[in-house]
Amino acid sequence: RLAGTRQSLRGEAARAAAEAGGVPRYGAATYGSGVRYASAADTTAHVPMALPSAAEVGALLTEFVTRHNEVQQAEVTTDREQEELRALYAAAQALAVDICDTVEFYYRKDPDAASRRAKCEEWGVVYVYEDAPPPPPVTPPVTPTPPTPPTP
């Protein structure tokens with residue numbers, strides 16, 4: 001309470017009042033841990049901790065619960081989508097291998113192996129060289145020519 005008033009201040013008003021003139025402290029005390037609190041005659045301003053109101057806590061709790069529910073829903077959605085992708089992976093892998101095989105089959109008659117690899121790499125074929133260093137790069141043609149289906 002402020003001197004001369006009968007109502008107590010709360011929230012920011014109480015904090016501002018405490019910072020302006022401080023609030024009286026209780027008598028000096030020394031606790032078992034060795035912490036010593038000064039006497040009431042100490043003139044150092046004491047600022048009490050401001051606690052949020054119930055409405056503020058309720059608003060933050062509502063926001064937290066909302067965000068928590070959104071996170072849980074996002075996790076469920078992500079798990080479901082990952083399961084769907086896992087189910088499609090085998091078909092996608094088979095399709096990628098088929099495309100690579102088709103491109104390599106199309107360029108199979110190119111006499112220069114490095115040139116053949118360069119042409120196939122333009123179409124997305126990836127070569128992994130494990131033991132030996134990769135062959136020197138060959139300058140690829142400016143515009144790739146799409147493979148044409150064989151005629152019967």
Side-chain angles (χ1 to χ4, degrees), residues 2 8-23 25-26 29-38 42-152:
L2 290 179
S8 63
L9 297 177
R10 294 177 181 223
E12 288 301 315
R15 183 171 179 81
E19 288 174 347
V23 294
R25 297 184 181 189
Y26 297 103
T30 303
Y31 293 94
S33 64
V35 174
R36 178 167 170 20
Y37 289 95
D42 188 4
T43 58
T44 306
H46 170 69
V47 181
M49 183 173 72
L51 297 176
S53 67
E56 291 171 326
V57 171
L60 289 174
L61 176 63
T62 302
E63 182 180 346
F64 171 77
V65 168
T66 301
R67 298 262 168 99
H68 182 67
N69 290 340
E70 289 172 358
V71 167
Q72 285 183 329
Q73 185 59 37
E75 288 174 356
V76 168
T77 301
T78 301
D79 289 345
R80 186 186 71 245
E81 290 172 351
Q82 285 179 343
E83 289 173 7
E84 291 171 359
L85 285 175
R86 268 189 237 113
L88 295 174
Y89 182 79
Q93 178 71 17
L95 180 62
V97 168
D98 190 37
I99 290 171
C100 290
D101 289 345
T102 302
V103 170
E104 286 181 328
F105 182 79
Y106 180 78
Y107 290 115
R108 74 187 181 281
K109 294 184 180 179
D110 191 333
D112 183 22
S115 172
R116 182 176 59 245
R117 281 190 297 270
K119 290 174 185 175
C120 290
E121 285 175 352
E122 287 180 14
W123 290 96
V125 177
V126 177
Y127 295 97
V128 178
Y129 303 97
E130 295 176 3
D131 295 334
V138 175
T139 307
V142 177
T143 306
T145 306
T148 55
T151 54

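Around the CZ atom of Arg108, the shell of radius 6.0 Å holds more than 12 heavy atoms that belong to other residues, nucleotides or ligands.
Closest of all the heavy-atom pairs between Thr66 and Thr62 is OG1-O, 2.8 Å. Closest approach of Asp110 and Ser115 over heavy atoms only: OD2-OG, 3.1 Å.
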Show me, pair by pair, the donor-acceptor contacts under 3.5 angstrom made by side chains of residues 69-82, not counting sequence neighbours?
{"unit_1": "Asn69", "atom_1": "ND2", "unit_2": "Val65", "atom_2": "O", "d": "3.3"}
{"unit_1": "Gln72", "atom_1": "NE2", "unit_2": "His68", "atom_2": "NE2", "d": "3.2"}
{"unit_1": "Thr77", "atom_1": "OG1", "unit_2": "Gln73", "atom_2": "O", "d": "2.9"}
{"unit_1": "Thr78", "atom_1": "OG1", "unit_2": "Ala74", "atom_2": "O", "d": "2.8"}

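Taking the charged nitrogens against the carboxylate oxygens, Glu121 and Arg117 have no contact shorter than 4.0 Å, which rules out a salt bridge.
Residues satisfying the side-chain hydrogen bond (donor to acceptor under 3.5 Å, both in side chains) criterion with Gln93, sequence neighbours excluded, are Tyr89.
The closest side-chain heavy-atom distance from Arg116 to Lys119 is not below 4.5 Å. Thr102 places none of its side-chain heavy atoms less than 4.5 Å from the side chain of Tyr106.
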